[in-house]
Amino acid sequence: MRIFVISSLSKGIRVGQVSRPGRDPLEGLRELARDRRSGASEIFQRALDLLIDSARLGLPREAVLREVRALSDSHPEMVPLLNLAFAMKSLLGWPAGVAGRLEALREHVRSSRFRAAEVAAEQMKGVRRVVTLSWSSTAFETLRRAALSGSLREIVVSQSLPLGEGLQTARRLASLPVSVRVRVIPDSAIPSHVGEADAGLVGADAVLGDGSLVNKVGTLSMALACDAFEVPLVVTTDLLKVDVWGRFRRPETSSCEGLPEPPEGVELACPVFEVVPARYVSTYATEGGPIQPSEVVNRARRLIRSLVGG
(Lines give C-alpha, C1' and ligand atoms only; values in the text may rest on other atoms or scores of the structure.)
Protein backbone atom coordinates (compact mmCIF):
# COMPACT_ATOMS: atom_id res chain seq x y z
CA MET A 1 0.00 0.00 0.00
CA ARG A 2 1.36 3.41 -0.99
CA ILE A 3 0.04 6.74 0.23
CA PHE A 4 1.28 10.03 -1.18
CA VAL A 5 0.49 13.35 0.50
CA ILE A 6 0.68 16.37 -1.77
CA SER A 7 1.06 19.76 -0.20
CA SER A 8 0.10 23.32 -0.90
CA LEU A 9 -0.03 26.24 1.42
CA SER A 10 -3.62 27.02 0.99
CA LYS A 11 -7.08 26.04 -0.02
CA GLY A 12 -8.87 28.83 -1.83
CA ILE A 13 -6.41 31.48 -0.75
CA ARG A 14 -6.60 35.06 -1.99
CA VAL A 15 -3.17 36.59 -2.48
CA GLY A 16 -2.13 40.19 -2.64
CA GLN A 17 -5.06 41.62 -0.70
CA VAL A 18 -4.15 45.01 0.74
CA SER A 19 -5.87 46.53 3.74
CA ARG A 20 -7.83 49.71 3.18
CA PRO A 21 -5.85 52.99 3.38
CA GLY A 22 -6.04 54.52 6.85
CA ARG A 23 -7.41 51.37 8.44
CA ASP A 24 -6.04 50.44 11.86
CA PRO A 25 -4.25 47.07 11.39
CA LEU A 26 -4.79 46.13 15.04
CA GLU A 27 -8.53 46.63 14.71
CA GLY A 28 -8.38 44.56 11.54
CA LEU A 29 -6.78 41.70 13.50
CA ARG A 30 -9.54 41.99 16.12
CA GLU A 31 -12.17 41.71 13.38
CA LEU A 32 -10.48 38.55 12.09
CA ALA A 33 -10.62 37.08 15.60
CA ARG A 34 -14.40 37.56 15.51
CA ASP A 35 -14.74 36.18 11.97
CA ARG A 36 -16.67 32.88 11.97
CA ARG A 37 -17.52 32.79 8.27
CA SER A 38 -14.16 32.87 6.46
CA GLY A 39 -11.89 29.87 5.99
CA ALA A 40 -8.39 29.40 7.41
CA SER A 41 -6.63 30.35 4.18
CA GLU A 42 -8.52 33.61 3.78
CA ILE A 43 -8.05 34.63 7.42
CA PHE A 44 -4.35 33.72 7.26
CA GLN A 45 -3.84 35.83 4.14
CA ARG A 46 -5.66 38.83 5.59
CA ALA A 47 -3.66 38.52 8.81
CA LEU A 48 -0.43 38.60 6.81
CA ASP A 49 -1.55 41.79 5.04
CA LEU A 50 -2.38 43.43 8.38
CA LEU A 51 0.92 42.37 9.95
CA ILE A 52 2.85 43.81 7.00
CA ASP A 53 0.93 47.07 7.45
CA SER A 54 1.68 47.01 11.20
CA ALA A 55 5.41 46.68 10.54
CA ARG A 56 5.40 49.42 7.91
CA LEU A 57 3.56 51.74 10.29
CA GLY A 58 5.97 50.93 13.12
CA LEU A 59 3.23 49.91 15.54
CA PRO A 60 4.40 48.71 18.98
CA ARG A 61 5.63 45.13 18.84
CA GLU A 62 3.90 44.02 22.04
CA ALA A 63 0.55 45.38 20.87
CA VAL A 64 0.87 43.52 17.59
CA LEU A 65 1.90 40.26 19.31
CA ARG A 66 -1.04 40.56 21.69
CA GLU A 67 -3.51 40.75 18.80
CA VAL A 68 -1.82 37.88 16.94
CA ARG A 69 -2.08 35.69 20.04
CA ALA A 70 -5.74 36.62 20.45
CA LEU A 71 -6.36 35.79 16.78
CA SER A 72 -4.78 32.33 17.02
CA ASP A 73 -6.56 31.62 20.33
CA SER A 74 -9.91 32.46 18.74
CA HIS A 75 -9.30 29.98 15.89
CA PRO A 76 -7.42 27.05 17.49
CA GLU A 77 -8.40 24.78 14.60
CA MET A 78 -6.53 26.96 12.06
CA VAL A 79 -2.97 25.64 12.22
CA PRO A 80 -1.36 28.31 9.97
CA LEU A 81 -2.48 30.98 12.48
CA LEU A 82 -1.07 28.96 15.40
CA ASN A 83 2.27 28.58 13.63
CA LEU A 84 2.35 32.26 12.70
CA ALA A 85 1.69 33.33 16.29
CA PHE A 86 4.59 31.23 17.59
CA ALA A 87 6.92 32.40 14.83
CA MET A 88 6.08 36.07 15.44
CA LYS A 89 7.19 35.78 19.06
CA SER A 90 10.83 35.29 18.03
CA LEU A 91 10.97 37.86 15.23
CA LEU A 92 14.00 40.13 15.46
CA GLY A 93 14.41 43.61 14.07
CA TRP A 94 10.86 44.86 14.53
CA PRO A 95 9.64 46.74 12.63
CA ALA A 96 12.20 47.51 9.90
CA GLY A 97 13.47 43.97 9.40
CA VAL A 98 10.12 42.21 9.59
CA ALA A 99 7.98 43.46 6.69
CA GLY A 100 10.27 41.89 4.10
CA ARG A 101 10.08 38.48 5.76
CA LEU A 102 6.30 38.61 5.94
CA GLU A 103 6.18 39.60 2.28
CA ALA A 104 8.39 36.60 1.46
CA LEU A 105 5.89 34.39 3.28
CA ARG A 106 3.06 35.89 1.25
CA GLU A 107 4.96 35.23 -1.97
CA HIS A 108 5.53 31.65 -0.88
CA VAL A 109 1.78 31.30 -0.33
CA ARG A 110 1.18 32.61 -3.84
CA SER A 111 3.24 29.95 -5.57
CA SER A 112 3.05 26.94 -3.27
CA ARG A 113 -0.45 25.77 -4.18
CA PHE A 114 0.44 25.56 -7.87
CA ARG A 115 3.76 23.91 -7.14
CA ALA A 116 2.03 21.35 -4.94
CA ALA A 117 -0.59 20.68 -7.59
CA GLU A 118 2.21 20.16 -10.11
CA VAL A 119 3.85 17.61 -7.80
CA ALA A 120 0.51 15.91 -7.19
CA ALA A 121 -0.32 15.71 -10.88
CA GLU A 122 3.07 14.08 -11.44
CA GLN A 123 2.20 11.45 -8.81
CA MET A 124 -1.15 10.89 -10.55
CA LYS A 125 0.35 10.07 -13.94
CA GLY A 126 -1.41 7.08 -15.43
CA VAL A 127 -4.42 7.40 -13.10
CA ARG A 128 -7.63 6.99 -15.07
CA ARG A 129 -10.21 6.79 -12.27
CA VAL A 130 -9.96 8.68 -8.97
CA VAL A 131 -12.17 9.03 -5.88
CA THR A 132 -12.24 12.32 -3.96
CA LEU A 133 -14.29 14.10 -1.30
CA SER A 134 -15.02 17.53 0.21
CA TRP A 135 -13.42 20.66 -1.33
CA SER A 136 -9.74 21.54 -1.66
CA SER A 137 -8.48 24.12 -4.13
CA THR A 138 -5.19 22.26 -4.45
CA ALA A 139 -6.93 18.93 -5.02
CA PHE A 140 -9.11 20.61 -7.63
CA GLU A 141 -6.05 22.09 -9.35
CA THR A 142 -4.44 18.64 -9.30
CA LEU A 143 -7.49 17.07 -10.90
CA ARG A 144 -7.73 19.88 -13.43
CA ARG A 145 -4.13 19.32 -14.50
CA ALA A 146 -4.59 15.56 -14.64
CA ALA A 147 -7.75 15.95 -16.72
CA LEU A 148 -6.11 18.39 -19.14
CA SER A 149 -3.19 16.01 -19.58
CA GLY A 150 -5.62 13.52 -21.11
CA SER A 151 -4.98 10.60 -18.76
CA LEU A 152 -7.87 11.06 -16.33
CA ARG A 153 -11.18 9.61 -17.50
CA GLU A 154 -13.47 9.48 -14.44
CA ILE A 155 -13.74 11.36 -11.14
CA VAL A 156 -15.99 10.01 -8.38
CA VAL A 157 -16.90 12.61 -5.74
CA SER A 158 -18.36 11.83 -2.32
CA GLN A 159 -21.14 14.19 -1.17
CA SER A 160 -19.21 14.96 2.05
CA LEU A 161 -22.15 15.44 4.42
CA PRO A 162 -23.12 17.09 6.68
CA LEU A 163 -21.96 20.22 4.83
CA GLY A 164 -21.94 18.72 1.32
CA GLU A 165 -18.75 20.37 0.03
CA GLY A 166 -18.28 17.54 -2.44
CA LEU A 167 -21.07 19.00 -4.57
CA GLN A 168 -19.01 22.16 -5.09
CA THR A 169 -16.08 20.03 -6.23
CA ALA A 170 -18.27 18.07 -8.64
CA ARG A 171 -19.81 21.24 -10.04
CA ARG A 172 -16.41 22.80 -10.72
CA LEU A 173 -15.06 19.60 -12.26
CA ALA A 174 -18.06 19.26 -14.55
CA SER A 175 -17.37 22.73 -15.97
CA LEU A 176 -13.85 21.82 -17.15
CA PRO A 177 -13.41 21.98 -20.95
CA VAL A 178 -12.39 18.32 -21.14
CA SER A 179 -14.17 15.01 -21.59
CA VAL A 180 -14.09 13.60 -18.04
CA ARG A 181 -16.95 11.71 -16.42
CA VAL A 182 -17.89 13.19 -13.02
CA ARG A 183 -20.12 11.22 -10.63
CA VAL A 184 -21.40 12.03 -7.12
CA ILE A 185 -21.85 9.18 -4.62
CA PRO A 186 -23.15 8.84 -1.04
CA ASP A 187 -20.43 8.95 1.61
CA SER A 188 -21.21 5.37 2.62
CA ALA A 189 -20.26 4.17 -0.89
CA ILE A 190 -16.65 5.41 -0.71
CA PRO A 191 -15.00 2.02 0.03
CA SER A 192 -16.66 0.13 -2.81
CA HIS A 193 -15.73 2.83 -5.33
CA VAL A 194 -12.14 3.00 -4.04
CA GLY A 195 -11.85 -0.70 -4.86
CA GLU A 196 -12.52 0.14 -8.51
CA ALA A 197 -10.27 3.24 -8.65
CA ASP A 198 -6.62 3.84 -9.45
CA ALA A 199 -6.14 6.43 -6.69
CA GLY A 200 -7.85 8.39 -3.93
CA LEU A 201 -7.40 12.15 -3.58
CA VAL A 202 -8.30 14.26 -0.52
CA GLY A 203 -7.35 17.56 1.07
CA ALA A 204 -6.17 18.28 4.61
CA ASP A 205 -7.31 20.57 7.38
CA ALA A 206 -4.21 19.85 9.48
CA VAL A 207 -1.24 17.52 9.86
CA LEU A 208 -0.41 16.59 13.45
CA GLY A 209 3.04 16.30 14.94
CA ASP A 210 3.11 12.51 14.63
CA GLY A 211 2.40 12.71 10.89
CA SER A 212 -1.29 11.84 11.14
CA LEU A 213 -3.85 13.67 9.04
CA VAL A 214 -6.90 15.67 10.15
CA ASN A 215 -9.54 16.05 7.46
CA LYS A 216 -13.25 15.94 6.66
CA VAL A 217 -15.19 12.88 7.85
CA GLY A 218 -15.04 10.19 5.21
CA THR A 219 -11.27 10.46 4.84
CA LEU A 220 -10.60 7.64 7.29
CA SER A 221 -12.90 5.23 5.46
CA MET A 222 -11.16 6.20 2.22
CA ALA A 223 -7.74 5.60 3.78
CA LEU A 224 -8.79 2.20 5.14
CA ALA A 225 -10.25 1.26 1.76
CA CYS A 226 -7.06 2.35 0.01
CA ASP A 227 -5.09 0.17 2.39
CA ALA A 228 -7.39 -2.81 1.83
CA PHE A 229 -7.42 -2.52 -1.97
CA GLU A 230 -3.76 -1.38 -2.28
CA VAL A 231 -4.83 1.87 -3.95
CA PRO A 232 -2.57 4.93 -3.43
CA LEU A 233 -4.09 7.81 -1.46
CA VAL A 234 -2.97 11.30 -2.50
CA VAL A 235 -3.54 13.96 0.18
CA THR A 236 -3.25 17.68 -0.52
CA THR A 237 -1.88 19.76 2.34
CA ASP A 238 0.90 22.25 3.03
CA LEU A 239 3.74 22.65 5.47
CA LEU A 240 2.13 25.59 7.24
CA LYS A 241 -0.72 23.23 8.12
CA VAL A 242 1.62 21.03 10.13
CA ASP A 243 0.93 21.51 13.85
CA VAL A 244 4.53 22.34 14.71
CA TRP A 245 3.88 23.30 18.35
CA GLY A 246 1.09 20.86 19.19
CA ARG A 247 -1.66 23.40 19.79
CA PHE A 248 -4.24 22.24 17.24
CA ARG A 249 -7.69 21.57 18.67
CA ARG A 250 -10.48 20.04 16.63
CA PRO A 251 -13.73 22.02 16.84
CA GLU A 252 -16.34 20.21 18.92
CA THR A 253 -19.33 21.88 17.27
CA SER A 254 -20.66 20.95 13.87
CA SER A 255 -23.69 21.51 11.68
CA CYS A 256 -26.34 18.89 10.91
CA GLU A 257 -28.22 21.24 8.59
CA GLY A 258 -29.85 19.42 5.69
CA LEU A 259 -29.84 15.97 7.30
CA PRO A 260 -33.06 14.12 8.20
CA GLU A 261 -34.33 14.65 11.73
CA PRO A 262 -33.75 11.59 13.96
CA PRO A 263 -36.59 9.77 15.74
CA GLU A 264 -37.76 11.18 19.04
CA GLY A 265 -35.35 10.39 21.84
CA VAL A 266 -32.43 9.82 19.45
CA GLU A 267 -29.48 12.24 19.33
CA LEU A 268 -28.14 13.33 15.93
CA ALA A 269 -24.31 13.62 15.89
CA CYS A 270 -22.56 15.32 12.97
CA PRO A 271 -18.78 15.40 13.43
CA VAL A 272 -16.94 17.27 10.69
CA PHE A 273 -13.29 16.23 11.21
CA GLU A 274 -11.52 12.93 11.86
CA VAL A 275 -7.95 11.69 12.21
CA VAL A 276 -6.20 9.34 9.77
CA PRO A 277 -3.26 7.63 11.55
CA ALA A 278 0.24 8.29 10.22
CA ARG A 279 0.78 4.60 9.41
CA TYR A 280 -1.41 5.10 6.34
CA VAL A 281 0.91 7.80 5.02
CA SER A 282 4.09 6.70 3.29
CA THR A 283 5.15 10.04 1.79
CA TYR A 284 4.30 13.69 2.16
CA ALA A 285 4.91 15.34 -1.21
CA THR A 286 5.00 19.05 -0.47
CA GLU A 287 5.89 22.22 -2.30
CA GLY A 288 9.42 21.46 -1.07
CA GLY A 289 9.45 17.87 -2.32
CA PRO A 290 8.68 14.46 -0.78
CA ILE A 291 8.88 14.19 3.02
CA GLN A 292 8.56 11.17 5.30
CA PRO A 293 5.92 11.48 8.07
CA SER A 294 8.60 11.31 10.76
CA GLU A 295 10.29 14.39 9.27
CA VAL A 296 7.25 16.53 8.50
CA VAL A 297 7.40 18.59 11.73
CA ASN A 298 11.10 19.38 11.33
CA ARG A 299 10.63 20.41 7.72
CA ALA A 300 7.65 22.61 8.57
CA ARG A 301 9.58 24.28 11.39
CA ARG A 302 12.52 24.96 9.10
CA LEU A 303 10.21 26.47 6.50
CA ILE A 304 8.66 28.84 9.03
CA ARG A 305 12.08 29.90 10.29
CA SER A 306 13.41 30.47 6.80
CA LEU A 307 10.43 32.58 5.74
CA VAL A 308 9.49 34.42 8.91
CA GLY A 309 12.40 33.92 11.27
CA GLY A 310 10.32 32.14 13.94
> Run the side-chain hydrogen bond (donor to acceptor under 3.5 Å, both in side chains) test against Ser212 and tell me which residues pass, sequence neighbours left out.
Asp210
> Considering only Ile, Leu, Val, Met, Phe, Trp and Tyr, and joining two whenever side-chain heavy atoms are under 4.5 Å apart, list the other residues clustered with Val266.
none
> Of all residues at least two apart in sequence or in a different chain, which pass the salt bridge (Lys or Arg N to Asp or Glu O under 4.0 Å) check with Arg247?
Asp73
> Any ring pair (Phe, Tyr, Trp, His ring centres under 6.0 Å) pairs touching residues 136-155, not counting sequence neighbours?
Trp135-Phe140
> Under the rule for salt bridge (Lys or Arg N to Asp or Glu O under 4.0 Å), what residues qualify as partners of Arg144, not counting sequence neighbours?
Glu141
> Apply side chain to side chain contact (heavy atoms under 4.5 Å, CB included) to Ala47 and list each qualifying residue two or more places apart in sequence or on a separate chain.
Leu29, Leu32, Leu71, Leu81
> For residues 54-64, pull every pair meeting salt bridge (charged side-chain N to carboxylate O under 4.0 Å, His left out), keeping only residues two or more places apart or in separate chains.
Arg56-Glu103
> Any side chain to side chain donor-acceptor pair (under 3.5 Å) pairs touching residues 160-171, not counting sequence neighbours?
Glu165-Lys216
> How is the hydrophobic cluster of Val184 composed, in terms of its other members, when Ile, Leu, Val, Met, Phe, Trp and Tyr link through side-chain heavy atoms under 4.5 Å apart, directly or indirectly?
Leu167
> Identify, with sequence neighbours excluded, every residue that meets salt bridge (Lys or Arg N to Asp or Glu O under 4.0 Å) alongside Lys125.
Glu122
> State which residues pass salt bridge (Lys or Arg N to Asp or Glu O under 4.0 Å) with Arg129; sequence neighbours excluded, sorted by chain then number.
Glu154, Glu196
> Asp243: which residues meet the side-chain hydrogen bond (donor to acceptor under 3.5 Å, both in side chains) condition with it, sequence neighbours left out?
none
